[in-house]
Amino acid sequence: MAEQRRKQFPFDDFEPQWQNRWESDKTFSVPNPGDANFDADKPKFFALDMFPYPSGSGLHVGHPEGYTATDIVTRQKRMAGFNVLHPMGWDAFGLPAEEHARKTGEHPAINTAKNTDNFRRQLKRLGFAYDWEREVNTTDPGYVRWTQWIFLQLYNSYFDEAGQKAKPIAELEAQGLSREEIDNRRLAYVAEAPVNWCPELGTVLANEEVEEWRKKGNTVERRPLKQWMLRITAYAERLINELDGLDWPEGIKLLQQNWIGRSEGAEVDFKIGEHKVTVFTTRPDTLFGATYMVLAPEHPLVDEITTPEQSAAVEEYRKACASKSDLERTELAKEKTGVATGGTAINPVNGEEIPVWIADYVMMSYGTGAIMAVPAHDERDNEFAKRFGITIIEVVQAPEGNEEKCFTGEGTAINSGFLDGLTTAEAKQKISAWLDDEKLGKSTVVYKLRDWLFSRQRYWGEPFPIVWKDGNHFAIDDSELPLLAPELKDYKPSGTPDPILSKAKDWVDVGDGVTRETNTMPQWAGSCWYYLRYCDAANRDRFISREAEEYWLGKNGTPGGVDLYIGGTEHAVLHLLYARFWHKVLHDLGHVSTPEPFQKLVNQGLIMGEDGQKMSKSRGNVVNPDDVVDLYGADSLRLYEMFMGPLEQVKPWSMNGVEGVHRFLARIWRLVMEIDQEGTWTMRGNLTDGDPDKATKKVLHQTIKKVSEDIASLSFNTAISQMMVCTNEFNKVEALPVSAVVTLLEVLSPFAPHIAEELNARLAAAHDSVDGSELANRAWPAWDEAYLVEDEIEMVIQVNGKKRDIITVSKDAAKEDIEAQALACAKVTEHTDGLTVRKVIVVPGRLVNIVAN
RNA sequence: GCCGCUGUGGCGGAAUUGGUAGACGCAGCAGACUUAAAAUCUGCUUUCCAGUUUGGAAGUGCGGGUUCGAUUCCCGCCGGCGGCACCA
């Protein structure tokens, strides 16, 4: 049925032609500083799309949403005289390619290349103005080389607390620190950590990946393994503070802030016999109410303080906890559990002896792994104390009217010795000073953020540029980069935590007792710096040249960094946090000129299926972009995705909606072309070379203005609606001036570039007055406010806020005249009859409101 | 539980940030063209009442408030989506 219907305009002819032309002319290639045709006088604009993972299922309609948005912005910026960097690439390492290799025995690079070719074909088919000469692929050896180089920058750096920045490890060597001391301070370090191990996949998984793989039927267990970690926690403070200057959605900033989770509080030392245990609390003012102490079950002091009577119970409890994953620990904990150690601690503030418990509601990984429990003012402690019959002492008086059983807010200190009568804030200050004086504690800040578990036991990722000898790790020499993984006969995981690469014995054994690190990096590694590589994609000597970095990412009178980054919310805390971290390290080491990589961030909203549900194969509501392009053309798909609604909003797909914008493009086509009886398109005869009349000029300039402003604010849906209004007006004009049509095509061209270029070319062939150059290389049209003002304006007349009439007045009519005219209206007198006019409000150019009662 | 976003016709959405609510599009209805259909074009299309036109009332999740005037600002609720989740 679809192939029977005659195309409303020949998009399938001209769209590929324009795409080929852009490709062969390299229309959208942009030179770098130093290149022959580089124009240093133009301002720069760097727009970035979140590059896709080239999956086997091809492009999803969600991809072109953000991509079209940046394409419109960059095409418009180009016309407005900017040097525009708009690149694309592939985040091509990842588990699906490896799974495919495991099943087929084919090297993952082969499948990856196939999928990448398909993605590239699909994107080119949508007419995006990418500079394909800058295409990057995270799996290319020339790219891996620099990912590994950046890893070594981290490996060879430490975080200087005093300067709050990364510095070369060589400084510590010069200070004569021991090897162990140095290794313990590297930004990339090895640590034994309990991790999520998945035997089926043969790798550890990030916390956020666990749920996804479990759903697919895999098991995930907790195991302590020696892993590479990146010291992102050192940057916690800066990662929070430096969000301030960024033009990001507030929600995303908050998400990152909460993820980093900064808490101000105090560490307090408690004595347990000979031992000292430090607890972390955000409420040191409640110290007098601490009636017991809880240690995390994994706390190293548990063994030492447990009394013989309790040791069996404690041991049993610890075992039960160890076998639980974090998830189970929280999910199943409907009721608090715990065991007394039999030991007691001394509350330093009053010398009271308090019992020491272990309970899994205290996490070893947060704070100090130990808490002082204040059951009167903490819900968890309260629940626990009630369950186990522990004393509860109130030490904060709630403000009047607050009847909560367990008051956790701020109030006045009571039963608290020298703190009595103080407000919570004052009490915090006083107790902190006291702890400080007595050398029993100090104010401190803790974060929820954990160091980044950076190693995977997979094959299809960057190998670590590290070798081992005698239990020590060493960086391999720069000249050995890129270090590529060897080909394997069998990509099946061993089922043990030994990485797949450990099977490649020849590769692993370097000789002289030197062996290679066999872990690989996670997929995030490549995406942490791809925006940098775009700036100088072919550079073989550096990851990015200084000139290219300073031009595309430097200040240049802008805030610096990527000028516009569009992508989905799913990366709000992962990719966006990791990339910021790497960027800051590179900045500290003098490799990049700004502290932040992405100045402006916009999140596109998810496109749902026609049924309002998330698109998924199992629901059968997935829309394939190729099918849409076959039926309606690339311009229609682009335009539809922008017309659906605001970019940031979640919105459902509608094939009828696609037809709607397709009809609009057909109307524009028929503004210029008409079809004869043989079915051949010919130029319409009613196009003139004359000047547009006043009304035509008005709607045209309104359109230039609206579209210009709406592109700037990324309000593409309203820009398109204005172009529809303009087209509808043009359709009513008897003899339509070509100049007006061409201007409309210019503002349309960033949205629907193929049809705009095609019609302009056809008009230029028939009309000498039309510029035959490509719209893409034209100047963006300017609007003239003079055409927008009307001599006469309509004003609404309201009586008591209700619309009663509309009058027409001269644009410079005096207020008094308008008021008099309004009061004289028959409709007004009708409604004010019998009432007294109390007040008349005249809003110039808008309305008159007559207040009467 | 906490945090964030969001709520406007049958549907997607618009509204110069306090000034004519429903632009534009979809769907629907009627008409024109056509032997007919498709495509195209024209008109109608928030609801209710009245109805030849002119008209009247209600209306932006619900309830209050500020104002000459509230989709917009303030207070209190309710629903939907997303994130975090024993973080001391």
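Naming convention: chains lettered A, B, ... in sequence-line order (proteins, then strands); numbering from 1 in each chain. Computation of the quantities below employed the complete heavy-atom set of this structure, encompassing side-chain atoms and omitting hydrogens, waters and symmetry-equivalent molecules.
With a 3.5 Å limit on both pairing distances and Watson-Crick or G-U wobble geometry required, the stems of 3 or more pairs in RNA chain B span B:1-7 with B:78-84, B:10-12 with B:24-26, B:28-32 with B:40-44, B:46-49 with B:55-58, B:61-65 with B:73-77.
At a cut-off of 3.5 angstrom, the base of B/U16 holds at least one donor-acceptor pair with the side chain of A/Arg846. Judged by atom type and distance alone, A/Asn656 does not reach the base of B/C26 through any side-chain donor-acceptor pair under 3.5 Å. Under 3.5 Å, the side chain of A/Lys448 and the base of B/C84 form no donor-acceptor pair of N or O atoms.
Using cut-offs of 30° and 60° for the angle between ring planes, the A/Phe384 and A/Tyr361 rings count as tilted.
To the nearest angstrom, P of B/G19 lies 18 Å from CD1 of A/Ile818. Per the geometry, CD belonging to A/Glu383 stands 12 Å off C1' belonging to B/G1, to the nearest Å.
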Give me, pair by pair, the N or O atoms of the protein and of nucleotides 10-13 of chain B that are less than 3.5 Å apart, along with how far apart they are.
{"unit_1": "B/G12", "atom_1": "O2'", "unit_2": "A/Met644", "atom_2": "O", "d": "2.5"}
{"unit_1": "B/G13", "atom_1": "OP1", "unit_2": "A/Gln649", "atom_2": "OE1", "d": "3.0"}

Exercise for review: If a protein heavy atom is under 4.0 Å from the base, mark B; if only from the sugar-phosphate, S; if neither, -; do that for nucleotides 47-52 of chain B going 5' to 3'.
Suggested key: ------
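For A/Lys336, taking side-chain heavy atoms from C-beta onward, the closest of the listed nucleotides B/C68, B/U20, B/C86 is B/C86.
When ring centroids are compared, A/Tyr578 and A/His571 stay outside the 6.0 Å threshold.
Residue A/Arg838 is classed as having no contact, given no heavy-atom separation below 4.0 Å to the nucleic acid.
Between the side chains of A/Thr718 and A/Asp710, at least one donor N or O sits under 3.5 Å from an acceptor N or O.
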